[in-house]
Amino acid sequence: MKQNTKIALFVLLLLWASLTAFSQTLQGPASRSNKRPDVIFGGVVNGKAVTLPKPAYPEDARRAKLSGVVKAKVLIDETGKVTSAETVEGLENVSLRQSAETAALGAVFSPTTLSGQPVKVSGIIVYNFAAVTNEERVKVLGVSTMLYMARTFPGDPEFAADLTGGAAWFPAFADELRGLAAFKDASTAARAAAVDKVIVSVRARLTESEKWQFDIGQAWFEVIGPIKAAANANDPAGVDEADIKLKLSNLRQLTLSAPPDFPLDVLQKLKGFAALADQKDLFSEENKHTFMSKFEDIIEAISPGSTK
């Protein structure tokens, strides 16, 4: 009897062990499937960003006219902050990739939750880099120079056609520039007043960086304006060298506060031109070539091939 009890107890223990193992086998996968993952994959997350900074377009990439996609893999923590970013696909340019990673680290997302609990998200941010020419990047300087040229020579018919076409060249300021549509038919005084009005309205719409460009355009033209006036009058002796040097000094001072988004190569050419403030006998026969060469350097940096 006791032997039978031991056997029965042994069998029950085996059955219990088997049932326990079987139960764990059944419950194990379910338990594992219900466990909250540490990180979930969110795919392309551009559209989910609360803040998505635009990456800078590096100078070497601009000079090489590189365009294309760079993909950055990011890890977003439970608060929505990007804690790591690494480029994984796209253009091989080192500067573009670094720019993409820097921008990605500044992105902010709404927290992601799973079963009511915040989780980390791994995702991809896609950046499309498009080549931007210096002509595009210094358009505000171009608008400023055009307007101050027209303001200085309101009676010159050459600028009438230029200004009426300005709305097409600078669509961002089309509304303001359309006000000059009748420029060629107005009196000299009316032309000057019309340009003054446009200068005020355009400048009021600019960012701080763009206002600097606008001021550079004015300072640059204040140097070349008197020279053009003397050339129009066929009077080279009518140029006040001391005044030109003072205006070159003003231009040089402005170049010292250039915003970081202004093209570096154009800035260097502007500085080289402004440095002529230290040149002795600026308009002597031997120095005229230097003056014109440095002026053309600026134009060439803005629009390569235009001075050829």
Side-chain angles (χ1 to χ4, degrees), residues 32-143 168-175 205-213 258-267 302:
R32 286 193 295 271
S33 66
N34 290 331
K35 183 181 178 181
R36 181 169 62 87
D38 293 329
V39 181
I40 65 172
F41 182 64
V44 175
V45 295
N46 292 58
K48 302 173 185 177
V50 175
T51 302
L52 190 64
K54 184 178 180 180
Y57 191 87
E59 285 296 319
D60 65 319
R62 183 195 62 77
R63 288 192 294 270
K65 298 181 180 179
L66 295 179
S67 296
V69 169
V70 173
K71 296 181 180 181
K73 182 179 180 181
V74 297
L75 181 62
I76 307 165
D77 69 13
E78 294 88 344
T79 67
K81 180 181 178 181
V82 175
T83 58
S84 68
E86 179 185 7
T87 51
V88 293
E89 189 178 336
L91 294 169
E92 294 295 334
N93 179 270
V94 174
S95 297
L96 285 177
R97 290 199 162 211
Q98 289 176 341
S99 179
E101 290 174 1
T102 299
L105 286 170
V108 178
F109 296 82
S110 297
T112 298
T113 60
L114 187 64
S115 300
Q117 297 297 317
V119 293
K120 295 178 181 177
V121 177
S122 172
I124 300 293
I125 299 179
V126 180
Y127 294 105
N128 288 295
F129 288 94
V132 181
T133 65
N134 276 347
E135 288 180 336
E136 290 291 326
R137 299 173 71 194
V138 303
K139 270 195 170 185
V140 172
L141 186 155
V143 170
W169 298 337
F170 306 108
F173 307 107
D175 290 342
R205 289 185 49 210
L206 303 178
T207 64
E208 288 305 310
S209 174
E210 290 171 337
K211 285 177 181 176
W212 178 88
Q213 266 202 52
D261 59 348
F262 190 76
L264 183 59
D265 52 344
V266 178
L267 178 63
I302 293 174

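The model shown is predicted, which means the values in this text are computed figures rather than measured ones. Values below: all heavy atoms of this structure, side chains included; hydrogens, waters and symmetry mates excluded.
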**Q** Flag the pair Val138 / Gln213 as yes when at least one side-chain heavy-atom distance between them is below 4.5 Å, and no otherwise.
**A**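 Yes - at least one pair of side-chain heavy atoms lies under 4.5 Å apart.
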**Q** Look up atom CG in Leu141 and atom CH2 in Trp212, then write down how far apart they are to the nearest 0.5 Å.
**A**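 Those atoms lie 7.5 Å apart.
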**Q** Kindly give the heavy-atom pair with the smallest separation between Phe41 and Gly123, and that separation in Å.
**A**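 Closest approach of Phe41 to Gly123: CE1-CA, 4.2 Å.
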**Q** Would a 4.5 Å heavy-atom cut-off, applied to side chains only, mark Leu66 and Tyr57 as touching?
**A**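 Yes; the side chains approach each other to less than 4.5 Å.
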**Q** First locate atom CD of Glu78, then atom CD of Gln117, and finally report the distance between them rounded to the nearest 0.5 Å.
**A**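 Taking CD in Glu78 and CD in Gln117, the distance rounds to 10.5 Å.
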**Q** Hey, what do you get for NZ (Lys139) to CD (Glu210), rounding to the nearest 0.5 Å?
**A**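 Answer rounded to 0.5 Å: 12.0 Å.
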**Q** Mark yes or no for whether Glu101, through its side chain, and Ala72, through its backbone, hold a donor-acceptor pair below 3.5 Å.
**A**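 No; judged by distance alone, with no hydrogens or angles, the pair does not exist.
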**Q** List the atom of Lys211, the atom of Leu206, and the distance in Å for their closest heavy-atom pair.
**A**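 Nearest heavy atoms, Lys211 then Leu206: CE-O, 3.5 Å.
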**Q** Do Ile76 and Thr112 come close enough that some side-chain heavy atom pair is under 4.5 Å?
**A**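 No, every pair of side-chain atoms sits at 4.5 Å or beyond.
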**Q** List the atom of Ala100, the atom of Thr87, and the distance in Å for their closest heavy-atom pair.
**A**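 Scanning both residues completely, I find the closest heavy atoms to be CB-CG2, 4.1 Å.
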**Q** Give me the atom names and distance for the closest heavy-atom approach of Arg97 to Gly90.
**A**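 Result for this residue pair: NH2-O, 3.3 Å.
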**Q** Is a side-chain donor or acceptor of Tyr127 paired with a backbone partner of Leu96 at a separation under 3.5 angstrom?
**A**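 No; zero donor-acceptor contacts below 3.5 Å.
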**Q** Could you tell me whether the side chain of Ser99 and the main chain of Ala56 form a donor-acceptor pair under 3.5 Å?
**A**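 Flag set: sc Ser99 to bb Ala56 pair under 3.5 Å.
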**Q** Quick one: pull up CG in Leu105 and NZ in Lys81 and give me the separation to the nearest 0.5 Å.
**A**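 That separation rounds to 9.5 Å.
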**Q** How many angstroms lie between atom CZ of Phe109 and atom CD1 of Ile125, to the nearest 0.5 angstrom?
**A**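 Here the interatomic distance stands at 4.0 Å.
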**Q** Residues in salt bridge (charged side-chain N to carboxylate O under 4.0 Å, His left out) with Glu86, at least two apart?
**A**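 Glu86 satisfies salt bridge (charged side-chain N to carboxylate O under 4.0 Å, His left out) with no other residue.
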**Q** For Ala131, does its backbone N or O pair with a side-chain atom of Ser67 as donor and acceptor, under 3.5 Å?
**A**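 Side chain of Ser67 to backbone of Ala131: a pair is present.
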**Q** Minimum heavy-atom separation for Val69 to Lys71, with atom names?
**A**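 Looking at all heavy atoms of both residues, the closest pair is CG1-CG, 4.0 Å.
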**Q** Using 0.5 Å steps for rounding, measure from the CG atom of Asp60 to the CG atom of Asn93.
**A**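 Between Asp60 CG and Asn93 CG, I get 5.0 Å after rounding to 0.5 Å.
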**Q** Val121 pairs by side chain to side chain contact (heavy atoms under 4.5 Å, CB included) with which of Val39, Ile40, Leu114?
**A**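 Going through Val39, Ile40, Leu114 one by one, the side chain to side chain contact (heavy atoms under 4.5 Å, CB included) with Val121 is satisfied by Ile40 alone.
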**Q** Report the residues that fulfil side-chain hydrogen bond (donor to acceptor under 3.5 Å, both in side chains) with Thr102, sequence neighbours left out, ordered by chain and then residue number.
**A**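 With sequence neighbours excluded, Thr102 shows a side-chain hydrogen bond (donor to acceptor under 3.5 Å, both in side chains) to no residue whatsoever.
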**Q** For Lys73 and Val88, work out which heavy atoms get closest and say how close.
**A**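 So the two residues come closest at CB-CG1, 3.8 Å.
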